[in-house]
Amino acid sequence: MRIRVNNVDLYYETLGAGEPLIMLHGNREDHAIFDRASDLLKNHYTLYLIDSRCHGESEDTNDLTYNLLSDDVIAFTETLNLYKPVLFGFSDGAIATLYAAAKRPDLFRSIIVCGANTYPKGLNRVTYRGLKIKTLFARDKYDMLMLKGPNIKKEDLERISIPALVIAGEKDVVKKNDTLFIARNIKNSKLMILEGEDHGSYIIHSDKIAKIILANK
């Protein structure tokens with residue numbers, strides 16, 4: 001399905017029945033990364049699987065920022081009149097989730113963020129330097145999104161008053177101290193560091209994240 005929100009056409013799919021759960025993917029991905037997770041989650045939630053702007057089947061726009069991604073999901077929720085959905089985000093989707101929850105904590109029941117960083121150097125040194133070197137030869141909006149943002153401050157996290165599940169892999173590309181910073185500054189948060197997992201191993205085409213979500217429902 002398609003919907004016009006925040007001056008962009010977004011593609012999304014819905015599955016299942018139950019309370020609403022919005023799922024946001026990461027950089028250069030689309031909703032298909034949640035294929036195995038959605039097979040389990042659809043028995044417990046009505047899933048809204050969104051292709052973010054400039055990704056998948058959604059409209060490709062000139063501008064791509066975390067603020068825009070968060071405003072898109074806020075407008076999506078309001079336009080569909082979803083009542084207190086759970087908002088889940090992975091990687092860039094997790095960053096958009098933090099922005100959205102800081103702006104409109106009243107709109108969501110809870111949030112789940114996996115592999116979020118609060119500033120560009122919240123990525124580990126190898127990943128950050130790799131991005132910097134890559135942009136010396138070619139620049140695109142996907143890499144520049146990660147180098148120019150996010151810029152999430154302590155006071156932004158403190159505005160998130162709803163329950164939050166903060167997750168990262170033991171071998172994540174996000175520095176552990178940045179994950180801890182997120183969890184410590186969201187008042188009603190639970191932290192999970194997943195042993196043996198990297199940035200996306202428990203999410204991309206995996207049912208592990210579904211089992212975690214259901215265990216913490």
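Residues Leu123 and Tyr99 are members of one and the same hydrophobic cluster, defined by side-chain heavy-atom contacts under 4.5 angstrom among Ile, Leu, Val, Met, Phe, Trp and Tyr. Residue Val174 is grouped with residue Ile186 when hydrophobic side chains (ILVMFWY) are merged at heavy-atom distances under 4.5 angstrom, including chains of intermediate members. There is no path of hydrophobic side-chain contacts, each under 4.5 Å, that joins Tyr11 to Ile22. A continuous path of Ile, Leu, Val, Met, Phe, Trp and Tyr side chains, each step under 4.5 Å between heavy atoms, connects Tyr142 with Leu147, placing both in one hydrophobic cluster. When hydrophobic clusters are built by joining Ile, Leu, Val, Met, Phe, Trp and Tyr residues whose side-chain heavy atoms come closer than 4.5 Å, directly or via intermediates, Ile50 is not grouped with Val86.
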| request: Determine, step by step, whether Leu68 and Val8 satisfy the side chain to side chain contact (heavy atoms under 4.5 Å, CB included) criterion, reporting the C-alpha distance in whole Å, the side-chain angles of both residues, the deciding distance to 0.1 Å, and the verdict. | output: CA-CA 10 Å; Leu68 281 172; Val8 65; over 6 Å; no

| task | Please test Asn6 against Arg53 for side chain to side chain contact (heavy atoms under 4.5 Å, CB included), starting from the C-alpha separation and ending with a verdict. | result | CA-CA 10 Å; Asn6 196 32; Arg53 66 166 65 212; 3.7 Å; yes

| field | Verdict with supporting geometry, Lys208 and Leu194, side chain to side chain contact (heavy atoms under 4.5 Å, CB included) | value | CA-CA 10 Å; Lys208 292 179 182 178; Leu194 303 181; over 6 Å; no

| said: Using side chain to side chain contact (heavy atoms under 4.5 Å, CB included), reason through Ile167 and Tyr202 one step at a time and then give a plain yes or no. | reply: CA-CA 10 Å; Ile167 304 174; Tyr202 61 103; 3.6 Å; yes

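Expressed to the nearest 0.5 Å, how far OH of Tyr66 lies from CG of Leu64 amounts to 8.0 Å. Rounding to the nearest 0.5 angstrom, the gap separating the CD1 atom in Ile74 from the OG1 atom in Thr79 is 11.5 Å. Between Ile209 atom CD1 and Ile204 atom CD1 the span is 11.5 Å, to the nearest 0.5 Å. Atom-to-atom distance recorded for Ser110:OG and Ile160:CD1 is 12.0 Å, nearest 0.5 angstrom. Remark: Asn124 CG to Asp172 CG distance equals 8.5 Å, nearest 0.5 Å. With rounding to the nearest 0.5 Å, the separation of CG in Asp30 from CG in Leu49 is 10.5 Å.
For Pro150 against Asn117, the heavy-atom pair with the smallest separation is CG-O, 3.1 Å. Taking every heavy atom of both residues into account, Gly149 and Pro120 meet most closely at O-CG, 3.4 Å. For the pair Glu19 and Arg109, the tightest heavy-atom approach, listed with the atom from each and the gap, is OE1-NE, 3.2 Å. Residues Val113 and Ala94 come closest through the heavy atom pair CG1-O, 3.6 Å. Heavy atoms only, all atoms of each residue included: Ile95 and Ile152 are closest at CG2-CD1, 4.1 Å. The two residues Arg4 and Asn7 come nearest to each other via the heavy atoms NH2-O, 3.3 Å.
For the side chain to side chain contact (heavy atoms under 4.5 Å, CB included) with Met192, the qualifying choice from Asn216, Val166, Thr179, Ile112 is Asn216, the only one to do so.
A donor-acceptor pair under 3.5 Å is formed between the side chain of Asp178 and the backbone N or O of Thr118. A side-chain donor-acceptor contact under 3.5 Å links Asp51 to the backbone of His31. Under the 3.5 Å distance criterion, the side-chain polar atoms of Glu170 are matched with a main-chain donor or acceptor of Gly196. With hydrogens and angles ignored, the 3.5 Å screen pairs no side-chain donor or acceptor of Lys190 with any backbone N or O of Ala183. In this structure, the side chain of Asp143 does not engage the main chain of Arg139 through any donor-acceptor pair within 3.5 Å. A donor-acceptor contact shorter than 3.5 Å links the side chain of His25 to the backbone of Ser52. Between the side chain of Lys175 and the backbone N or O of Lys121 there is at least one donor-acceptor pair closer than 3.5 Å.
Using a 4.5 Å heavy-atom cutoff, the side chains of Leu82 and Phe108 are not in contact. Using a 4.5 Å heavy-atom threshold, the side chains of Leu98 and Ile111 count as touching. The side-chain heavy atoms of Leu41 and Met23, taken from C-beta on, include a pair separated by under 4.5 Å. Side-chain contact between Glu29 and Ile203 is absent, with no heavy-atom pair separated by less than 4.5 Å.
Heavy atoms of other residues, nucleotides or ligands lying less than 6.0 angstrom from NZ of Lys217 number more than 12. Counting heavy-atom neighbours within 6.0 Å of Glu195 CD, excluding the residue itself, gives a total of 12 or less. Within 6.0 Å of NZ on Lys176 lie no more than 12 heavy atoms contributed by other residues, nucleotides or ligands. Within 6.0 Å of the CG atom in Asp9, the count of heavy atoms belonging to other residues, nucleotides or ligands exceeds 12.
Looking at Lys103 and Asp71, a side-chain N of the basic residue comes within less than 4.0 Å of a carboxylate O on the acidic one, giving a salt bridge. Comment: Asp60 engages Lys141 in a salt bridge, judged by a side-chain N to carboxylate O separation of less than 4.0 angstrom. With respect to the salt-bridge test (charged N to carboxylate O, under 4.0 angstrom), the residues Asp156 and Lys153 do not qualify. A salt bridge does not link Arg2 with Glu59: none of the charged nitrogens is closer than 4.0 Å to a carboxylate oxygen. A salt bridge links Asp207 with Arg36: the distance from a Lys NZ or Arg NE/NH1/NH2 to an Asp or Glu carboxylate oxygen falls below 4.0 Å.
Residues Phe88 and Phe34 bring their aromatic ring centres within 6.0 Å.
Under the 30°/60° scheme for interplanar angles, the aromatic rings of His199 and Phe90 are found to be tilted. By the 30° and 60° cut-offs, the orientation of the rings of Tyr48 relative to Phe76 is perpendicular.
Asp92 and Asn27 share a side-chain donor-acceptor pair at under 3.5 Å.
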